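Step one of this worksheet: look at the structure below.
Treat the numbers as computed from the prediction; the structure is a model and nothing was measured. Residues take their numbers from the sequence shown, with the count starting at 1.
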Amino acid sequence: MRLILPVLIAGVALAGCYDRKEVKPKAAAEPQAAAVLGGVDLGQPVRALGTEPFWSVEITPEALIYTRVDQPEQRAPNHGATVQGTVATYATSTNLQKALNVMLIATECSDGMSDRVYPLTARVEIGDDTLTGCAASKSAIMVQPAP
């Protein structure tokens, strides 16, 4: 019995030892490319806008900023877009505790007030309001269209 006990203890001790085989570290995950919808890189600032009433939603990597001529500006964190086929959806809540959902659809859009054509159609639900309009990268919107 005296011989069995030390063998048992040694066996248990060895079973819990670290496997000293060389273990290669796991490779870091490849960074995911930002989604592209209708030729618009959603990883860059995007602006959705509409008329009657005039409104806009600025989508940055950090936040969604909703402005409307007759309401205070509202900000919400950007949790990223869920992209399914030709639709990207942002779902968040604003600093004024209103649900904010922005859908961008890869279909051409006209704002109805100019000859400009945007690559995305936008639908914004904020609180009880539903607004429709157009969207494009902020850099494309800032460039004046050729006459």
Distance in Å, E58 CD paired with R47 CZ, rounded so as to fall on 0.5 Å steps: 4.5 Å
Side chain to side chain, T67 and W55, heavy atoms closer than 4.5 Å: no
Gap between atom OG of S56 and atom CD1 of I65 - 0.5 Å precision: 9.0 Å
Side chain T130, main chain E125, donor-acceptor under 3.5 Å: no
pair M103-Y90: side-chain heavy atoms closer than 4.5 Å: no
Q44 vs S139 side-chain heavy atoms within contact, under 4.5 Å: no
Side chains of L96 and P72 in contact at under 4.5 Å (non-hydrogen atoms): yes
T94 side-chain N/O to K98 backbone N/O, donor-acceptor pair under 3.5 Å: yes
Over 12 non-hydrogen atoms of neighbours within 6.0 angstrom of CG in D70: yes
Closest non-hydrogen atom pair between V87 and L37, with its separation: N-CD1, 4.0 Å
Spacing of I126 atom CD1 and L131 atom CG [to the nearest 0.5 Å]: 8.0 Å
Between OG1 on residue T92 and CD1 on residue I59, distance to nearest 0.5 Å: 11.0 Å
Working for side chain to side chain donor-acceptor pair (under 3.5 Å), residues T89 and T82: CA-CA 5 Å; T89 305; T82 301; over 6 Å; no
Heavy atoms from other residues, nucleotides or ligands near CD of E73 exceed 12 (cutoff 6.0 Å): yes
Separation of L49 CG from F54 CZ (nearest 0.5 Å): 10.0 Å
Interatomic spacing from CG in N95 to CD in Q74 - rounded to 0.5 Å: 6.0 Å
Trace of the side-chain contact (heavy atoms from CB on, under 4.5 Å) decision for V83 with L42: CA-CA 10 Å; V83 180; L42 299 181; 4.2 Å; yes
Shortest non-hydrogen contact from S93 toward P77: O-CD, 3.6 Å
Sub-4.5 Å side-chain heavy-atom contact between V46 and L104: yes
N/O donor-acceptor pair under 3.5 Å between R116 side chain and I141 backbone: yes
Polar side-chain atom of N78 near backbone of L64 as donor-acceptor pair, under 3.5 Å: no
Least distance between heavy atoms, G38 atom then P119 atom: O-CB, 3.5 Å
Note, V124 side chain near L100 side chain (heavy atom, < 4.5 Å): yes
Side-chain ion pair, R68 and D129, N-O less than 4.0 Å: yes
Shortest non-hydrogen contact between C134 and D111, atoms and distance: SG-N, 3.7 Å
